[in-house]
Number of protein chains: 2
Amino acid sequence: MTASKSAVQYGYHKGNLRDRLLETAQKLLQNEELSALSLRRVARDVGVAPSAIYNHFKSLDELLAAIAADGYRQIEALERVAYDTIADPEACLRHLTREYLHFAASNPSLYRLMFSRAVLGYRALPEVDEAGDTSFRVSVEWWYGSGSYDPSKSAIHYPYALAVWSLCHGAAMQMLDGMVTVGEAPEISVDALADALMNVFLRGALVGVPK
Amino acid sequence: MTASKSAVQYGYHKGNLRDRLLETAQKLLQNEELSALSLRRVARDVGVAPSAIYNHFKSLDELLAAIAADGYRQIEALERVAYDTIADPEACLRHLTREYLHFAASNPSLYRLMFSRAVLGYRALPEVDEAGDTSFRVSVEWWYGSGSYDPSKSAIHYPYALAVWSLCHGAAMQMLDGMVTVGEAPEISVDALADALMNVFLRGALVGVPK
DNA sequence: GCCGAATATGAACATCGTTCACATTCGGCG
DNA sequence: CGCCGAATGTGAACGATGTTCATATTCGGC
């Protein structure tokens, strides 16, 4: 066996354990609830001692942060595709909202992880902050023109970007918490939810206000 | 000592331990982060054995659920005051949004607990569900007229109520996660945030759309 | 005044994140 | 080729967690 780069996957030195840990943890989040994700569980699934993880991550928080950051980058990718592909602003926003809610509905545990920074131990690590900020910056530049984003300014200075983001995130959370029943045909219901929200958001709520 | 109802606060039978547990846990959430709240910690602060809690709650989840439900009732109270007090719909909505964000900013740990059902162990227990549903129903009836709420219908059938709720919740989360810096004068910044969001929400985003 | 029900205790268990001394393997340098 | 330090993985241990159980104490009604 003249394997040049670690062909065996048992015993010492399994090669690229870091990536295997991340993949295993992500697969875990796809199939189970967030509470099922633990350092020891990931180690067990990979077939490695719990302490081995500490050769690749300083703590569990860092593993979680890496996964959450990847989630933000997926959302950023959704944004970029929509912004680059759909010229009509209204159609673009409607499409993006649907995609966003589909992401949350398809990856509920990951989505919860991304927005549980302070709930779980993992405080905002630089990697998560950066990925999250980037996804917001992309939105700001769509609304206010490319290069308009100033990191020193609070998000409140970009009210449109802030409002869509808040609206989508709030709706996603309610969906995951079961306040919005998606029923037995999720892909249809999620689209309907997105459209309903966008109908209000684009035209304004004043027309629906009582009296 | 002819104390008719347990005057001593040490030894066996401390009297109304349930309420003292809830109060202690709530005080804990006011002063520390959500991660500091644990069954053993509450027991320690009250001065009681951890297992004593199980005489009043079936599990830690039930204690958390009781606290979260109380939080929802506080929000419901904010709603009722606004709806009953302010006749002008726009002013009413603006006021309520400010109050909502103030609540989240003033009780960050409690707010996080309320919206972490599936993150923490505690799955949606009936008490939390009921309190959450009630706070939504109050909103629905304001938008669509009293008695219009039908619990068998999904929230998607009340798009205005759903949208404000989503918007406020999403903004609150971003605020707590530091994506919206409230600065050194929170009470001012929170109001500004609420107003900025409502400016978009009431008039619609179409007017701000690029091009 | 007594007895069952309610309540509190303390020890135990499994699980968790983390640390440490130690074992193994890899990679480069003589 | 062989060796040696660095990288990587192991296994035992520690403290903390939620939960359970047998036991002890106190309360309330007869």
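Lettering of chains follows the sequences in order, A, B, ..., and the numbering in each one begins at 1.
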Quiz item: Does the side-chain contact (heavy atoms from CB on, under 4.5 Å) test come out yes or no for B:R40 and B:L60, once each step is laid out?
Solution: CA-CA 10 Å; B:R40 290 181 110 100; B:L60 171 62; over 6 Å; no

Quiz item: Whole-Å distance between D:dT19 C1' and B:E62 CD?
Solution: 14 Å

Protein and nucleotides 18-20 of chain C: nitrogen or oxygen contacts under 3.5 angstrom:
from: C:dT18; atom 1: OP2; to: A:Y54; atom 2: OH; distance (Å): 2.8
from: C:dT18; atom 1: OP2; to: A:L60; atom 2: N; distance (Å): 2.9
from: C:dT18; atom 1: O5'; to: A:Y54; atom 2: OH; distance (Å): 3.0
from: C:dT18; atom 1: O4; to: A:R40; atom 2: NH1; distance (Å): 3.4

Quiz item: Expressed in angstrom and rounded to an integer, what is the separation of B:R44 atom CZ from C:dG10 atom C1'?
Solution: 15 Å

Quiz prompt | Spacing of A:N16 atom CG relative to D:dT8 atom C1', expressed in whole Å | solution = 13 Å

Exercise. Rounded off to whole Å, could you give me the CZ-to-P distance for the B:F57 and D:dT19 pair?
Key: 13 Å

Quiz item: Please give, in whole Å, the distance from C:dC16 P to A:D45 CG?
Solution: 11 Å

Quiz item: Is the shortest distance from a Lys or Arg side-chain nitrogen in A:E79 or A:R137 to a carboxylate oxygen in the other one below 4.0 Å?
Solution: no

Quiz item: Within less than 4.0 Å of OP1 or OP2 of D:dA7, is there a side-chain N or O belonging to A:H56?
Solution: no

Quiz item: Are the side chain of B:H157 and the backbone of B:S154 linked by a donor-acceptor contact shorter than 3.5 Å?
Solution: yes

Quiz item: Any ion pair linking B:R112 and B:D177 (charged N to carboxylate O, less than 4.0 Å)?
Solution: yes

Practice problem: Would you please test B:R73 and B:E130 for salt bridge (charged side-chain N to carboxylate O under 4.0 Å, His left out) and show each step? | Solution: CA-CA 10 Å; B:R73 286 188 216 102; B:E130 188 197 328; over 6 Å; no

Quiz item: So what does B:R18 touch, heavy atoms closer than 4.0 Å: a base, only the sugar-phosphate, or nothing?
Solution: nothing

Practice problem: Report the distance from atom CG of A:L37 to atom P of C:dC16, rounded to the nearest whole Å. | Solution: 11 Å

Quiz prompt | Positive for ring-ring contact (aromatic ring centres under 6.0 Å, His included) with B:Y72, one of B:Y111, B:F115, B:F136 | solution = B:F115

Quiz item: To the nearest Å, how far apart are B:R41 CZ and D:dT19 P?
Solution: 18 Å

Exercise. Taking only the side-chain nitrogens and oxygens of A:R20, find out if one of them lies under 4.0 Å from OP1 or OP2 of D:dG9.
Key: no

Quiz item: Looking only at heavy atoms, which two atoms of A:G208 and B:Y160 are closest? And how far apart?
Solution: CA-CZ, 3.4 Å

Quiz item: Which atoms form the tightest heavy-atom contact between B:A43 and B:I53, and what is the distance?
Solution: CB-CD1, 4.1 Å

Quiz item: What stems involve DNA chain D, if each pair must be Watson-Crick or G-U and both of its distances must be under 3.5 Å, with 3 or more such pairs in a row?
Solution: C:1-30 with D:1-30

Practice problem: Would you check, one step at a time, whether the test salt bridge (charged side-chain N to carboxylate O under 4.0 Å, His left out) holds for B:E76 with B:R80? | Solution: CA-CA 6 Å; B:E76 183 195 332; B:R80 292 197 185 278; 2.9 Å; yes

Quiz item: Does a distance-only test, which skips hydrogens and angles, find a donor-acceptor pair under 3.5 Å between the side chain of A:N55 and the base of D:dA7?
Solution: no

